[in-house]
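Just below is one structure, and these are the notes that go with it.
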Protein chains: 2
Amino acid sequence: MTRRQEIMGTALGLMRKKGYLNTSMRDIASSVNMEAASLYNHIKSKEEILIDTCFGLAETLEIGIKEVNDIYFNAAEKLAMAIHNHIQALTQDLNASHLFVHEWRHLSDDKRAQFIQRRDLYEKEFRDIVILGFEEGEFKDVDPKFATLTILASLNWVGEWYRPQGEMQPKEIAEKLTHFILSGLQKN
Amino acid sequence: MTRRQEIMGTALGLMRKKGYLNTSMRDIASSVNMEAASLYNHIKSKEEILIDTCFGLAETLEIGIKEVNDIYFNAAEKLAMAIHNHIQALTQDLNASHLFVHEWRHLSDDKRAQFIQRRDLYEKEFRDIVILGFEEGEFKDVDPKFATLTILASLNWVGEWYRPQGEMQPKEIAEKLTHFILSGLQKN
DNA sequence: TTGGAAAACTAACAAGTGTTAGTTAGTTTT
DNA sequence: AAAACTAACTAACACTTGTTAGTTTTCCAA
């Protein structure tokens with residue numbers, strides 16, 4: 001593991017625990033036993049940590065949803081795989097996920113605009129699956145935007161309660177979520 | 001409107017837009033055309049803004065769920081009303097909601113502990129409704145904790161996209177969410 | 001063994017932080 | 001008219017912030 005990776009990893013951990021703004025370069029430095037100024041031999045700025053993390057995870061998610069659209073044909077299958085990929089990506093690195101879900105707001109103006117654009121695009125890919133399901137006659141006539149936001153809310157929230165050492169593993173979480181979203185809570 | 005309320009309202013607006021940590025007392029002061037030091041004639045500290053807001057909304061939600069448990073008897077009805085109350089409380093003041101959902105992390109240690117305790121209690125009330133539904137034979141045999149977290153995630157996320165001037169009003173949002181949660185996306 | 005890059009250090013800067021002290025003008029109560 | 005209260009002010013404190021400059025140490029390839 002390079003020194004840069006070590007710094008990034010440590011920084012992400014602190015930022016998840018205390019928040020991005022509340023984590024100072026001196027905090028990060030002392031966690032890897034060096035001086036704040038020395039960090040700049042490895043990273044360009046504090047914001048670079050946020051940028052690399054947010055856009056890195058964005059790319060992972062984009063690749064995931066593109067794969068789904070290439071391979072599967074019916075909406076229920078697509079949705080199941082999209083959920084699976086999303087949960088895998090998020091639970092892979094909870095520290096990074098926290099920055100992705102919560103701290104992107106603190107990106108500088110132009111980076112934030114870029115980020116929102118990519119997030120909206122990802123959201124649209126999800127929405128298209130819901131719409132496809134309706135066109136297939138398999139899904140109810142729900143408001144696609146509303147449904148998509150509700151689904152993504154459930155997915156993103158997993159990062160708040162998932163514990164790697166807990167009893168529920170990402171695969172199982174994805175399956176339960178898929179089932180919950182597709183068929184709801186009530187017996188019929 | 002008292003000066004205090006004016007300050008609180010303005011502060012909440014800024015904190016939603018820029019984040020709690022990123023909003024300085026000087027920012028708040030200049031937004032109400034006074035000096036930072038003068039704010040202390042009306043509020044005790046910066047944290048008081050966060051405390052009052054988080055615990056105020058917590059109380060509103062607690063009252064709401066208690067009412068539901070007193071009045072209604074079957075789980076589906078209880079859940080519908082609980083969702084309705086929750087959405088009403090959150091959409092009532094989006095600025096306050098933002099602090100409640102996102103910024104409570106920045107409460108001081110003891111206040112944060114109190115907050116988490118009350119939030120967990122509220123969560124438990126929701127969970128009990130899900131459990132009741134299963135005992136009635138009306139709900140599926142889902143993991144109650146998992147289901148509750150997923151439901152609350154959907155509810156809390158509404159604050160991210162709801163716009164008072166938009167076409168969907170709180171009552172309608174609550175109804176759609178209830179329907180979505182109870183019966184899911186797929187036709188049967 | 002040596003030359004040079006990589007990676008650490010110290011010191012400092014300029015700006016911003018929440019908050020307190022002390023003061024003053026204007027209003028209300030005694 | 002005197003006293004007390006309210007709400008504003010200026011000035012300052014003590015500290016933290018991200019970052020840069022300049023210097024020294026570490027370490028590996030030739």
Side-chain angles (χ1 to χ4, degrees), chain A residues 1-55 95 98-99 102-112 115, chain B residues 1-55 95 98-99 102-112 115:
Chain A
M1 188 162 61
T2 70
R3 208 72 216 268
R4 183 174 207 276
Q5 289 170 320
E6 187 189 349
I7 291 168
M8 287 292 251
T10 306
L12 263 49
L14 287 173
M15 287 173 177
R16 175 168 169 224
K17 189 160 65 186
K18 322 197 317 166
Y20 173 75
L21 291 172
N22 238 349
T23 303
S24 71
M25 294 302 271
R26 285 164 182 82
D27 289 338
I28 299 167
S30 84
S31 282
V32 293
N33 296 311
M34 57 168 85
E35 295 300 316
S38 309
L39 294 172
Y40 290 84
N41 287 314
H42 304 277
I43 61 173
K44 242 179 64 226
S45 67
K46 186 184 176 186
E47 201 196 353
E48 194 189 35
I49 300 172
L50 188 56
I51 292 173
D52 281 13
T53 307
C54 287
F55 285 86
N95 299 336
H98 176 261
L99 294 211
H102 296 295
E103 309 278 17
W104 59 267
R105 290 164 212 270
H106 302 115
L107 287 166
S108 59
D109 289 348
D110 59 332
K111 290 289 172 188
R112 190 171 61 249
F115 180 82
Chain B
M1 186 162 63
T2 70
R3 207 73 216 267
R4 184 174 206 278
Q5 289 170 319
E6 186 189 350
I7 290 167
M8 287 294 249
T10 305
L12 264 49
L14 287 173
M15 286 171 177
R16 174 164 170 229
K17 189 159 62 183
K18 321 198 320 165
Y20 173 76
L21 291 172
N22 238 350
T23 302
S24 72
M25 294 302 270
R26 287 164 181 83
D27 290 337
I28 299 167
S30 83
S31 282
V32 293
N33 295 312
M34 58 168 82
E35 294 301 314
S38 309
L39 295 172
Y40 289 85
N41 288 314
H42 305 276
I43 61 173
K44 244 180 62 227
S45 66
K46 185 184 176 184
E47 201 195 355
E48 196 190 34
I49 301 172
L50 188 57
I51 293 172
D52 282 13
T53 306
C54 287
F55 284 85
N95 299 337
H98 176 260
L99 294 210
H102 296 296
E103 308 279 18
W104 60 268
R105 291 164 211 269
H106 301 114
L107 287 165
S108 59
D109 288 348
D110 61 332
K111 290 290 172 186
R112 190 172 59 249
F115 180 83

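Labels below follow one simple rule: chain letters A, B, ... track the order of the sequence lines, proteins then strands, and each chain is numbered from 1. Values in this document were obtained by computation on a predicted structure and should not be read as measured data.
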Taking only the side-chain nitrogens and oxygens of [X], find out if one of them lies under 4.0 Å from OP1 or OP2 of [N].
{"X": "A/Ser38", "N": "C/dA7", "result": "no"}
{"X": "B/Ser24", "N": "C/dT17", "result": "yes"}
{"X": "A/His42", "N": "C/dA6", "result": "no"}
{"X": "A/Arg3", "N": "C/dA8", "result": "yes"}

d([atom1], [X]; [atom2], [N]) in whole Å:
{"X": "B/Ile43", "N": "D/dT6", "atom1": "CD1", "atom2": "P", "result": "17 Å"}
{"X": "A/Glu6", "N": "C/dA7", "atom1": "CD", "atom2": "C1'", "result": "13 Å"}
{"X": "A/Glu47", "N": "D/dT17", "atom1": "CD", "atom2": "C1'", "result": "15 Å"}
{"X": "A/Leu39", "N": "D/dT20", "atom1": "CG", "atom2": "C1'", "result": "14 Å"}
{"X": "B/Lys46", "N": "C/dT17", "atom1": "NZ", "atom2": "P", "result": "8 Å"}
{"X": "A/Met25", "N": "C/dC13", "atom1": "CE", "atom2": "P", "result": "20 Å"}
{"X": "A/Ile28", "N": "D/dT17", "atom1": "CD1", "atom2": "C1'", "result": "12 Å"}
{"X": "B/Glu35", "N": "D/dA11", "atom1": "CD", "atom2": "P", "result": "10 Å"}

Please say which of B/Asn41, B/Ile28, B/Leu39 ends up in a side chain to side chain contact (heavy atoms under 4.5 Å, CB included) with B/Met34.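 Result: among B/Asn41, B/Ile28, B/Leu39, B/Leu39 is the only option passing the side chain to side chain contact (heavy atoms under 4.5 Å, CB included) with B/Met34.
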Whom does C/dG26 pair with, Watson-Crick or G-U wobble, provided both distances fall under 3.5 Å?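 Answer to the pairing question: D/dC5, which forms a Watson-Crick or G-U pair with C/dG26.
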Listed nucleotide nearest any side-chain atom of [X], set [options]:
{"X": "A/Ser45", "options": "D/dT19, C/dT19, C/dT20", "value": "D/dT19"}
{"X": "A/Ala37", "options": "D/dG18, C/dT10, C/dT20", "value": "C/dT10"}
{"X": "B/Arg26", "options": "D/dG18, C/dA8, C/dT19", "value": "C/dT19"}

Does NZ or CZ of B/Lys46 lie under 6.0 Å from the centre of the six-membered ring of B/Tyr40, at an angle within 45° of the ring axis?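 The answer is no; the distance or angle limit is not met.
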Donor-acceptor pair present, A/Asn41 side chain and C/dA6 base, under 3.5 Å: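 Check fails, no donor-acceptor contact within cut-off.
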Check this for me, if you would: do B/Lys44 and B/Asp52 make a salt bridge, where the nitrogen-to-carboxylate-oxygen distance has to be below 4.0 angstrom?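 Looking at B/Lys44 and B/Asp52, the cut-off is not met.
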Any donor-acceptor pair under 3.5 Å linking the side chain of B/Arg16 with the backbone of B/His98?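 No, because the side chain of B/Arg16 does not come within donor-acceptor range (under 3.5 Å) of the backbone of B/His98.
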Would A/Glu48 and A/Lys111 count as a salt bridge (Lys or Arg N to Asp or Glu O under 4.0 Å) here? Give the steps. CA-CA 11 Å; A/Glu48 194 189 35; A/Lys111 290 289 172 188; over 6 Å; no
Is A/Thr23 touching bases, backbone alone, or none of the nucleic acid, heavy atoms closer than 4.0 Å?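 A/Thr23: backbone/sugar contact only, no base atoms under 4.0 Å.
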